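In what follows, chains carry the letters A, B, and so on, assigned in the order in which the sequence lines appear, proteins first and then strands, with residues in each chain numbered from 1. Predicted, not measured: the structure shown is a model, and the values here were computed from it.
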Amino acid sequence: MATISLTFPDGNARDYDAGVTPGEVAESISKSLSKKAISATVNGAHWDMQWPIDNDASIAIHTLADDAQALELIRHDCAHIMARAVQEIWPDTKVTIGPVIKDGWYYDFDRAEPFTPEDLALIEKKMKDIINLRDPVRTEVWDRPRAIKHYEDNGEPYKVELIDAIPGDEPLRMYWHGDWQDLCRGPHLQHTGQVPADAFKLMSVAGAYWRGDSDNAMLQRIYGVAFKNRKDLQAHLTMLEEAAKRDHRKLGREMDLFHFEEVAPGSIFWHPSGWRMFQSLIAYMRRRQEAAGYVEVNSPDIMDKALWELSGHWQNYRENMFLAETQDDREYALKPMNCPGHMMIFNQGIKSYRDLPVKIAEFGKVHRYEPSGALHGLLRVRSFTQDDAHIYCTDEQLTEECLKVNDLILSIYSDFGFDDVHVKLSTRPENRIGSDESWDRSEGALKTALDQAGMSYTIFEGEGAFYGPKLEYVLRDAIGRDWQCGTLQVDYNLPERFSSTYVTQSGEKRAPIMLHRALFGSLERFTGILIEQHAGKLPFWLAPRQVVVASIVSDADAYVHEVVATLRAKGIQAEADIRNEKINYKVREHSLGKVPVILAVGMKEVEDRTVTVRKLGEKSTAVVDLNTVATELAAEATPPDLK
RNA sequence: GCUGCUGUAGCUCAGAGGUAGAGCACUCCCUUGGUAAGGGAGAGGUCGAGAGUUCAAUUCUCUCCAGCAGCACCA
């Protein structure tokens, strides 16, 4: 038998018979290591303890101490153990797939009866039984015909379909623990007992389409989370509770920012303080855009079908559009996008190459009939305000304009504390207008701009808009969640469709290139993200309510009003609270309402012309001269771009 | 849109085949109290909408609407 040399992480090498498994290697080192081992890395590949090694290689043996491998294996084995538990309890259930995801795993089942929350408890208990059995994990390599026949005989059609979809003709790997068997590329733990029995939890059950396609059957997906120990699981559950407390839908109600009604699903009723915050964002963006050379316009909300046919929306976007019925026998639609309106504005008059780039911005409210199941608070609505703009430029200006938009987006996000920004580049979809050649140029321009800006990005094939490829800017918030906000799209098509032209230096008419871009994206969504990011405690300049001046005794009421007037004169959103309540009560109520500054006023303050300042989140108070407070708060209320 | 769950007072939630309850909020009275709930009284609900079963439905059944979780879709 041939001999191979295995090199360990410390640089030492040892000879073994070819075909040796990491399990045997571990045993040759020590009994305790072979018991503790969970998997190996062989030449950089994650390796099962049972897989043979045929050639010289580097090898590292993992235990539960190695986080990356341990979590991967624990979650993966949990998926198998759960599938086995389900099939043991309900033998007629068909299994499909069960991958590892962030924090845990899921497994999709086909079963006539829905799983109930009580069922989840039952499954969890059965999983613990299986873990306690410490069943050895066994693996074999089968050829395809044998595997297919096996699953056909066992009535597992989804597995047969999976095998058919695996490319090539390579052999397939089968895994067992106990009598339960699954098709799996591995690796797995050595036995079920290596899964910590107290560090996993089944979270929820929901529908999911087979192979992610809405034309396919709906399966039942059970989600679970798993960690190395009970403490990590507990920390994760606590984090979820914290995230729930930040839910902007809950905070929006508690802080009296907005609400929804059944009569207008997906549309927002903004309350005064929520609307104030919204307007602060628009005012900020208006200043930033003006400084960047944009002009602001306003285009109609309802326009004739003919326009939407010209733009291509009627053919490509109609199922998402609200249509308007009138008495004049014309068909209208509410705008789902601002671009066609901006085309009409660009087309007014004759444009010279000297005019380009033309940058037309609008805080336009667009309406889109989104699928009912997609609606989600402010983050996914049916009517929303875009900080939308269209840039008309020449071929030569294209890359530079893309770069400018990119810089503007990053600068703006940074003002709001978002520095972890990911970019997605979505390329031509199946359903599209325009020639392949113009798509080549559009996609190329975006790539060039990203490369020149030194941005890293991920490409999503076929995910672009019907008129052009797009960049999407994804923000990562304080608790690690991603939100899609800004977008930049290159479009050669609409200018052609609308016969838009400018006069070149040599006097010919030529179609401009058009960029679609939004920075916040949807103002509504961005507001929701900010609420969650700050858990409702927004920075002072954005805070829906800024200052409450609260009386301690009613003899101070007149001075309270004077303080409020002084602050308002400085542009600070101040309100009086002279209700017949104790100061404790007022402090509690406004603290829960997330008001950043409470100014308490009693007779001492009246006599000294001071206020007692209490800031949200601070227990201590400070007595400060009224004019000093007004000046300090006015400074704090200044938006970041005006500082 | 699909699968599952949910819908009772402004909010958070109990409840039951015989036309409803708590806490907070609200109104009034007493209290003028120094930094996270002072005391008392009162008012408030076609039990999401429509149909069916029943002597009787808010409770059971069906349809619709909306919300929640996930999927699919998306800013």
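The gap from the P atom of B:C71 to that of B:G15 amounts to 32 Å, rounded to the nearest Å. Atom name C1', nucleotides B:A14 and B:A22: the rounded distance is 7 Å, in whole Å. Using C1' as the reference atom, B:A16 and B:U59 are 7 Å apart when rounded to the nearest Å. Comparing the P positions of B:U58 and B:U54 gives an interatomic distance of 16 Å, to the nearest angstrom. Nucleotides B:A49 and B:A41 place their P atoms 33 Å apart, quoted to the nearest Å. Comparing the C1' positions of B:G70 and B:G18 gives a spacing of 41 Å, expressed to the nearest Å. Atom name P, nucleotides B:G10 and B:G48: the rounded distance is 12 Å, in whole Å. Here the separation of B:C24 from B:A37, taken at their P atoms, is 14 Å to the nearest Å.
Relative to the six-membered ring of A:Tyr284, A:Arg286 misses at least one condition, a distance below 6.0 Å or an angle of at most 45° to the axis.
For A:Gln386, no side-chain nitrogen or oxygen approaches OP1 or OP2 of B:A75 to under 4.0 Å. Here A:Arg253 reaches the OP1 or OP2 of B:U12: one of its side-chain N or O atoms lies under 4.0 Å away. OP1 or OP2 of B:A36 lies within a sub-4.0 Å distance of a side-chain N or O belonging to A:Arg614. Dashed line: the shortest gap from a side-chain N or O of A:Tyr106 to OP1 or OP2 of B:A69 is not under 4.0 Å. The phosphate of B:C74 (OP1 or OP2) has no side-chain N or O of A:Arg382 nearer than 4.0 angstrom. Put simply, A:Arg579 has no side-chain N or O that comes within less than 4.0 Å of OP1 or OP2 on B:U32. For A:Lys470, a side-chain nitrogen or oxygen approaches OP1 or OP2 of B:A75 to under 4.0 Å. Side-chain nitrogen and oxygen atoms of A:Tyr223 include at least one within less than 4.0 Å of the OP1 or OP2 phosphate oxygen of B:C71. Distances shown here put a side-chain N or O of A:His376 below 4.0 Å from the OP1 or OP2 atom of B:A69. Side-chain N/O atoms of A:Thr487 include none lying less than 4.0 angstrom from OP1 or OP2 on B:A75.
Mapped onto RNA chain B by nearest heavy atom, A:Pro371 and A:Ser591 fall at different nucleotides, with A:Pro371 at the one closer to the 5' end. Where A:Ala264 and A:Leu592 each meet RNA chain B at their nearest nucleotide, the meeting point lying more 5' is that of A:Leu592.
A donor-acceptor contact closer than 3.5 angstrom is absent between the side chains of A:Tyr209 and A:Arg211. A:Asn316 and A:Tyr467 share no side-chain donor-acceptor pair at under 3.5 Å. Looking at A:Glu362 and A:Ser299, their side chains do bring a donor and an acceptor atom within 3.5 Å of each other.
Within 4.0 Å (heavy atoms only), A:Tyr585 reaches sugar-phosphate atoms of the nucleic acid but no base atom. Among the heavy atoms of the strands lying under 4.0 Å from A:Gly207 is at least one base atom, whether or not backbone atoms are also near. Nucleic acid contact class of A:Gln484 (heavy atoms, under 4.0 Å, all strands): sugar-phosphate only. Note on A:Val366: nothing from the nucleic acid sits closer than 4.0 angstrom, heavy atoms only. If you check every strand for non-hydrogen atoms under 4.0 Å, A:Arg221 touches sugar and phosphate atoms only. Base engagement by A:Met603 is indicated by at least one non-hydrogen atom pair under 4.0 Å involving a base atom. Across all strands, A:Ser214 comes closer than 4.0 Å only to sugar-phosphate atoms, never to a base (heavy-atom distances). Looking at heavy-atom distances under 4.0 Å, A:Arg211 makes no contact with the nucleic acid at all. Within the 4.0 angstrom heavy-atom criterion, no nucleotide atom of any strand lies near A:Leu219. When heavy atoms are screened at a 4.0 angstrom cut-off, A:Lys604 is found touching base atoms of the nucleic acid. Among the protein residues, A:Ala518 comes within range of no part of the nucleic acid, since none of its heavy atoms lies under 4.0 Å from any strand. Contact annotation for A:Gly212: backbone-only contact, meaning every heavy-atom pair under 4.0 Å involves sugar-phosphate atoms and none involves a base.
What separates NZ of A:Lys615 from C1' of B:U35 is a distance of 16 Å, to the nearest Å. In this structure, A:Ile101 places its CD1 atom 11 Å from P of B:G70, rounding to the nearest Å. In this structure, A:Glu472 atom CD and B:C73 atom P are separated by 13 Å, rounded to whole Å. Here B:A75 presents its P atom at 7 Å from CE of A:Met337, a figure rounded to the nearest Å. One atom, CG of A:Asp108, and another, P of B:U3, lie 16 Å apart when rounded to the nearest Å. Rounded to whole Å, the distance from CG on A:Leu120 to P on B:G4 is 15 Å. Note: CD1 (A:Ile552) to C1' (B:A36) measures 14 Å, nearest angstrom. The CD-C1' distance, from A:Glu262 to B:C64, rounds to 11 Å in whole Å.
Across all strands shown, B:U46 has no partner, as no Watson-Crick or G-U wobble contact with both distances under 3.5 Å is found. When Watson-Crick and G-U wobble pairs are counted only if both distances are under 3.5 Å, B:U53 pairs with no nucleotide at all. Look at B:G23: its Watson-Crick or wobble partner, with both distances under 3.5 angstrom, is B:C11. Under the Watson-Crick or G-U wobble criterion, with both distances below 3.5 Å, B:C71 is paired with B:G1. With a 3.5 Å ceiling on both atom-pair distances, the Watson-Crick or G-U wobble partner of B:U6 is B:A66. Pair assignment for B:U32: none, as no Watson-Crick or G-U wobble contacts are both less than 3.5 Å.
The residues A:Glu589 and A:Lys586 are annotated as not salt-bridged, no charged nitrogen and carboxylate oxygen being separated by less than 4.0 angstrom.
Using a 30° and 60° split on the angle between ring planes, A:Phe269 and A:His259 fall in the parallel class, below 30°.
Scanning atom types as modelled, one donor and one acceptor separated by under 3.5 angstrom connect the side chain of A:Thr612 and the base of B:G34. Put simply, the side chain of A:Tyr369 and the base of B:G1 share no donor and acceptor less than 3.5 Å apart. A donor and an acceptor atom sit less than 3.5 Å apart, one in the side chain of A:Glu605 and one in the base of B:G34. A:Arg380 contributes a side-chain N or O that forms a donor-acceptor pair with the base of B:C73 under 3.5 Å. Put simply, the side chain of A:Thr621 and the base of B:U35 share no donor and acceptor less than 3.5 Å apart.
Side-chain contact between A:Thr487 and A:Leu471 is absent, with no heavy atoms from C-beta onward closer than 4.5 Å.
Taking the six-membered ring where the residue is Trp, the centroids of A:Phe278 and A:Phe258 are separated by 6.0 Å or more.
Distance from the side chain of A:Met218 is smallest to B:U3 among B:A37, B:A75, B:U3.
The residue from A:Thr621, A:Val548, A:Leu567, A:Thr612 that alone fulfils the side chain to side chain contact (heavy atoms under 4.5 Å, CB included) condition with A:Leu599 is A:Leu567.
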Intermediate values then yes/no, ring-ring contact (aromatic ring centres under 6.0 Å, His included), A:Phe520 and A:Tyr473: CA-CA 9 Å; A:Phe520 289 144; A:Tyr473 289 78; over 10 Å; no
